[in-house]
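One structure is given below, encoded as structure tokens.
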There are 2 protein chains.
Amino acid sequence: MSDPTKPTYDDVVRIPAPPGRGPATGRPPRIEEVAERAGVAPITVSRVLRHPEKVNRETRDRILEVIETTGYASNPHARALRSGRSNVVVAFVSNILSQQFGLAVRSLAAALEPEGYEVLVGQTSYSYAKEVAMIQSLRGIRPAAVMFTGVIELQENRAALQELGIPVIETWAFPRDPIDMLVGFSNADAGAMAAERLAQAGHRRLAFIGRSSGRGALRRDGFRAAATRLGLEIVHEIGVGEITGLVDGRAAFTALLDRGNRASAVFCANDLLATGALIEARSRGISVPRDLALLGFGDNDVADQITPGLTTITFNAAAIGRAAGELLLARLAGTPQIEPRHAVELVLLERGSV
Amino acid sequence: MSDPTKPTYDDVVRIPAPPGRGPATGRPPRIEEVAERAGVAPITVSRVLRHPEKVNRETRDRILEVIETTGYASNPHARALRSGRSNVVVAFVSNILSQQFGLAVRSLAAALEPEGYEVLVGQTSYSYAKEVAMIQSLRGIRPAAVMFTGVIELQENRAALQELGIPVIETWAFPRDPIDMLVGFSNADAGAMAAERLAQAGHRRLAFIGRSSGRGALRRDGFRAAATRLGLEIVHEIGVGEITGLVDGRAAFTALLDRGNRASAVFCANDLLATGALIEARSRGISVPRDLALLGFGDNDVADQITPGLTTITFNAAAIGRAAGELLLARLAGTPQIEPRHAVELVLLERGSV
DNA sequence: TTGTACGCGTTATCAA
DNA sequence: TTGATAACGCGTACAA
């Protein structure tokens, strides 16, 4: 198409520097220089930054002014090396492409950054090997805290994380025994809500589409249990592997039809799957919800924009990040008596596909 | 809905530790311990890790064995402090929720991690203030390199980045004068391709929907120039601010209709906008492409799953990350004579909306 | 309230 | 090819 060897140049706008101090240049200033200019010892400058209340008001103001004019910022490596602790909070997501995880990480960062912490994102890719490697690398980085968008299943990693001696937040589930702190919701309850909603709509024969490990399995188990309790029958279960896009939902739905679907309603344990299923159904002339009801979980961006809107069970991902940030700040500030579990509410969004 | 105060516990699977070495526990081993066990000085251990060719083969093998059994990994803070350089490569994305940026970062990480670099993701949120602050913080972190999913517009930041003295990669555009290295495509060409494709389909009166700053503006300018050249008329331009979801595309399309649309084809400079527009058109009974043609840019996940598929101009985001990784590795390895610009090909994906 | 002395763990530099 | 020494920049521990 375009000739990649001779692209037209883009006339990118160049925004001139505002008058005043130019860009910080050369070597960053060290604490010693700030101390000299302010006529104090380096340790006093350090105290102004770490324990301002321990420094005389006038001295502090003078030092702060020098810090301001020099643009001094302490070297994070030296700080981490000396104190054995850094201001980095590492957030691990199992899939960097997930919108929900992105929202949670974003609000975590929004909560922590004003307090001087830096949030960095790592990816575990639903792989245990990767998870082991990343947790090993934490031993060197010594972050201030770690958050996972998920829970840790490998005992080995649970132990390793505990040994780090830093706050650890697990999310996206509600296990009996979190490693340390928890901001999550019950996946079992989500599955149960699904069965209840479909029963209420009069469905008796149900199908399930979802991952057969991890959180998908937790939702499936809750779905199964509630179905049994309500006297419903689960006539098909389509297990899927890693979910990379809408295409997986289309494939799973096709598999359901290939097996001669006998269900009148389908619970998809993930909205990407549900949306894909909805698109596939429509392309086959299957009317949703008239011919078949579809219920999703997780609420991604597309779910409420397609027609009919996808009815889904969801929660506020940003609220998870926010609550995680607040828990962490409390713990890092040494607040005693923190309730280390926070439950996020599940919500049923009615949009017409059931 | 569910009672958030009493969620059901999730019975998370616990995967037992495999037999063999337990989790790394306690303080990480220091180089001194490794040296003692191997009967050498610490510096020799360091050399085995940094410049293995400078160490006698037998000595090296003996040290490597001790490293293996102890699980030693050097402390990144100490290393960065002493050597003034870390193994961290920082990738800044303007929006952590973007799928395309995610793909690029993912393949950047895949290219760099085998070589011992760690990729950390930061977010600039399309905000200059944020960008200034993050670049300032780089002075302390001293990363091995930086990548941006975008180009830097503020002269102040361009200068600051140059002063860092580390490799800097800009992407997602093709400016005349990149700060350092560049892996991008021409947004002007993308706009031109759009006009050409619509002209070829016989359209004479066009509309544009997109951001009126940044890369959106570059595509618009290319679109305008080509339209003029081809004797087409751009009868509407709908500028949008920050794009957060499909809803922005719906709103922009509605705005277009409110202005009494006279165009027979619309170029949306972003697929989220285009998909939103397509959904809005469908919900209003406007047939695409019969009543109105829609052409997008960027190819997100949804674009090829909806009906009709969105015809779009795109590129391989993963290839950008990969090429950036290779350029960086070459530079970091000190390879002389690197061509610091890499152009990625634009591709027209025909899917029925034009 | 402020300062002195020292060490965090590593690697650059120079010497052997 | 290997080692001794010092220094990276900061903050803890303790002293004044």
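Throughout, protein chains are lettered first and strands after them, A, B, ... in sequence-line order, and every chain is numbered starting at 1. Any value given below was found using the heavy atoms of this structure, including those in side chains, with hydrogens, waters and symmetry copies removed.
- Here the straight-line distance linking atom CG of A:Leu327 with atom CD1 of A:Ile169 works out to 5.0 Å at 0.5 Å rounding.
- If you measure from atom CZ of B:Arg50 to atom P of C:dA12, you get 9 Å, rounded to the nearest angstrom.
- Considering only side-chain N and O atoms, B:Arg82 lies nowhere under 4.0 angstrom from the phosphate OP1 or OP2 of C:dA12.
- Nucleotide C:dC8 holds its C1' atom 12 Å from the CD atom of B:Glu32, rounded to whole Å.
- Atom CD1 in B:Ile63 sits roughly 13 Å away from atom P in D:dT1 (whole-Å rounding).
- Side-chain atoms of A:Asn87 do not come within 3.5 Å of backbone N or O of A:Tyr117 as any donor-acceptor pair.
- For B:Leu81, taking side-chain heavy atoms from C-beta onward, the closest of the listed nucleotides D:dT12, D:dC8, C:dT2 is D:dC8.
- A:Arg47 comes within contact range of at least one nucleobase, with a heavy-atom separation under 4.0 Å.
- In this structure, B:Ile43 places its CD1 atom 7 Å from P of C:dA12, rounding to the nearest Å.
- Applying the 4.0 Å criterion to OP1 and OP2 of D:dC10, one finds that A:Ser83 has every side-chain N and O outside that range.
- Rounding to whole angstrom units, CG of residue A:Leu49 and C1' of D:dG9 are separated by 13 Å.
- Salt-bridge annotation for A:Arg158 and A:Asp177: present, with a side-chain N of the basic residue lying under 4.0 Å from a carboxylate O of the acidic one.
- If you take CG of B:Asn75 and C1' of C:dT11, they are 13 Å apart, rounded to a whole angstrom.
- Between B:Pro42 and A:Pro42, the residue anchored closer to the 5' end of DNA chain D is B:Pro42, taking for each the nucleotide with the nearest heavy atom.
- The pair A:Glu33-A:Arg30 meets the salt-bridge criterion, with a side-chain N (NZ, NE, NH1 or NH2) lying under 4.0 Å from an Asp/Glu carboxylate O.
- Neither OP1 nor OP2 of D:dC10 sits under 4.0 Å from any side-chain N or O of A:Arg30.
- Atom CD of A:Glu36 is separated from atom P of C:dG3 by 13 Å (rounded to the nearest Å).
- Look at B:Tyr72 and you won't find any side-chain N or O under 4.0 angstrom from OP1 or OP2 of C:dG9.
- One finds a side-chain N or O of A:Thr59 lying less than 4.0 angstrom from the OP1 or OP2 phosphate oxygen of C:dT2.
- Judged purely by distance below 3.5 Å, without hydrogens or angles, the side chains of A:Ser74 and A:Arg79 pair a donor atom with an acceptor atom.
- Nearest-nucleotide positions on DNA chain D for B:Ala78 and B:Arg57 put B:Arg57 closer to the 5' end.
- Taking atom NE2 on A:His77 and atom P on D:dG11, their separation rounds to 14 Å, with Å as the unit.
- Within the 4.0 angstrom heavy-atom criterion, only backbone atoms of the sugar-phosphate kind lie near A:Ile31; the bases stay farther away.
- A close approach under 4.0 Å does occur between a side-chain nitrogen or oxygen of B:Thr44 and OP1 or OP2 of D:dG3.
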